[in-house]
Amino acid sequence: MQETTPSFVPIQETVAFRMYRTSRLIRHLHYITFQQSGFDLTPEQWFILNKLAVKSPQSQTELGDSIMDDRPNMTRILLTMEKKNLISRRADHSDKRKSEVHLTDEGRHVLEACLPSAVQVRDRLRHSIGEEDMQAFWRVMDTLDGNMQVMFDEESAPNRNSGGE
């Protein structure tokens, strides 16, 4: 039997690498823009402030799940934000094991002050991309998200073939 050698695709031609690289570049661009505007804010902190501006309070788990961050990292981010008085954490009234995360007045102020910088980044990123292309982009992203969710669901489903021989 002859073994075949797998053919490798250059990493820069894969969806995963391109999305990862673009995500890292966008994160870095936001970080630099916030710093240049005088705000000590990370993109993750910006996301959390946005999420809380729409709905506050939210559980720590709910916030972490919504931005796909692991629990230890989310705890560190929220602790930093709490020290900056951007958020406050309180025990959930119905379940003392859970924390409710609240947007503070200072957090709302920082969010509103950073908004022009964030809008500038968004507009510059979309420069020269037409509405039709943006709609296609969102459709592709939704499809990729859906495909990944199916893969996660299949991975977490009980192995049906493990019963007997």
Side-chain angles (χ1 to χ4, degrees), residues 5-82 84-87 100-157:
T5 305
S7 59
F8 290 96
V9 175
I11 192 76
Q12 65 273 16
E13 294 177 16
T14 65
V15 170
F17 177 78
R18 293 295 300 271
M19 289 180 72
Y20 176 79
R21 184 175 186 280
T22 300
S23 174
R24 298 291 296 181
L25 288 169
I26 291 170
R27 183 188 184 286
H28 189 64
L29 181 61
H30 273 96
Y31 183 76
I32 289 170
T33 302
F34 291 147
Q35 295 296 310
Q36 289 174 344
S37 299
F39 298 102
D40 180 26
L41 200 65
T42 67
E44 292 79 12
Q45 292 169 354
W46 168 252
F47 298 152
I48 291 167
L49 291 177
N50 269 275
K51 292 275 187 189
L52 290 173
V54 171
K55 179 186 170 212
S56 182
Q58 288 188 45
S59 74
Q60 186 167 325
T61 302
E62 188 178 5
L63 281 170
D65 290 348
S66 70
I67 65 170
M68 296 296 295
D69 215 329
D70 60 72
R71 289 179 188 207
N73 195 41
M74 179 56 64
T75 300
R76 281 189 295 277
I77 292 168
L78 293 176
L79 182 60
T80 299
M81 292 178 76
E82 203 169 27
K84 294 179 182 180
N85 195 33
L86 301 175
I87 57 130
E100 287 184 335
V101 182
H102 298 259
L103 183 63
T104 64
D105 290 341
E106 178 67 16
R108 185 168 301 284
H109 169 74
V110 168
L111 176 67
E112 290 170 359
C114 286
L115 190 57
S117 298
V119 168
Q120 178 187 20
V121 168
R122 181 202 65 203
D123 291 348
R124 290 183 71 195
L125 284 171
R126 291 181 173 189
H127 177 73
S128 76
I129 300 174
E131 186 58 33
E132 193 174 304
D133 286 341
M134 283 305 301
Q135 293 296 328
F137 169 78
W138 290 119
R139 280 192 306 276
V140 169
M141 292 300 290
D142 288 344
T143 301
L144 288 170
D145 282 354
N147 291 346
M148 286 184 281
Q149 190 58 56
V150 167
M151 293 167 68
F152 288 132
D153 292 346
E154 289 172 352
E155 188 67 31
S156 64

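Both backbone and side-chain heavy atoms feed into the values below; hydrogens, waters and symmetry mates do not.
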Between the main-chain N or O of [Y] and the side-chain N or O of [X], is there a donor-acceptor pair closer than 3.5 Å?
{"X": "Ser117", "Y": "Phe34", "answer": "no"}
{"X": "Lys84", "Y": "Asp40", "answer": "yes"}
{"X": "Thr14", "Y": "Ile11", "answer": "yes"}
{"X": "Asn50", "Y": "Trp46", "answer": "yes"}
{"X": "His109", "Y": "Asp105", "answer": "no"}
{"X": "Gln60", "Y": "Val101", "answer": "no"}
{"X": "Ser66", "Y": "Leu63", "answer": "yes"}
{"X": "Thr104", "Y": "Leu86", "answer": "yes"}
{"X": "Thr143", "Y": "Arg139", "answer": "yes"}

If you compare all heavy atoms of [X] against all heavy atoms of [Y], which two are closest, and at what distance to 0.1 Å?
{"X": "Met19", "Y": "Met141", "result": "CE-CE, 3.6 Å"}
{"X": "Gln58", "Y": "Lys51", "result": "NE2-O, 3.0 Å"}
{"X": "Leu41", "Y": "Cys114", "result": "CD2-SG, 3.7 Å"}
{"X": "Arg27", "Y": "Pro43", "result": "O-CG, 3.3 Å"}

Rounded to the nearest 0.5 Å, how far does [atom2] of [Y] lie from [atom1] of [X]?
{"X": "Ile87", "Y": "Leu52", "atom1": "CD1", "atom2": "CG", "answer": "7.5 Å"}
{"X": "Ile77", "Y": "Glu44", "atom1": "CD1", "atom2": "CD", "answer": "5.0 Å"}
{"X": "Leu125", "Y": "Ile26", "atom1": "CG", "atom2": "CD1", "answer": "5.0 Å"}
{"X": "Thr33", "Y": "Phe39", "atom1": "OG1", "atom2": "CZ", "answer": "12.0 Å"}
{"X": "Arg108", "Y": "Leu103", "atom1": "CZ", "atom2": "CG", "answer": "5.0 Å"}
{"X": "Asp133", "Y": "Ser128", "atom1": "CG", "atom2": "OG", "answer": "9.0 Å"}

_I'd like to know if Arg18 pairs up with Glu13 as an ion pair, taking the criterion as any Lys NZ or Arg NE/NH1/NH2 lying under 4.0 Å from an Asp or Glu carboxylate oxygen._
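Salt bridge flag = no for Glu13 with Arg18.
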
Do the charged groups of Lys55 and Glu62 touch, with an N to O distance under 4.0 Å?
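Between Glu62 and Lys55 there is a salt bridge, with a charged N closer than 4.0 Å to a carboxylate O.
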
Query - Side chain to side chain, Met74 and Thr61, heavy atoms closer than 4.5 Å - result: no

request  = Could you check Asp145, Asp153, Asn147 and say which one makes a side-chain hydrogen bond (donor to acceptor under 3.5 Å, both in side chains) with Gln149?
outcome  =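 The single option meeting the side-chain hydrogen bond (donor to acceptor under 3.5 Å, both in side chains) with Gln149 is Asp153.
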
My understanding is that only one of His30, Gln35, His28 makes a side chain to side chain contact (heavy atoms under 4.5 Å, CB included) with Ile32; could you say which?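 Running side chain to side chain contact (heavy atoms under 4.5 Å, CB included) over His30, Gln35, His28 with Ile32 returns exactly one hit, His28.
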
**Asked** Does CE belonging to Met148 count more than 12 external heavy atoms closer than 6.0 Å?
**Response**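 Check passes, neighbour count above 12.
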
- Task: Decide if atom CD of Gln12 counts as having more than 12 heavy atoms of other residues, nucleotides or ligands within a radius under 6.0 Å.
- Result: yes

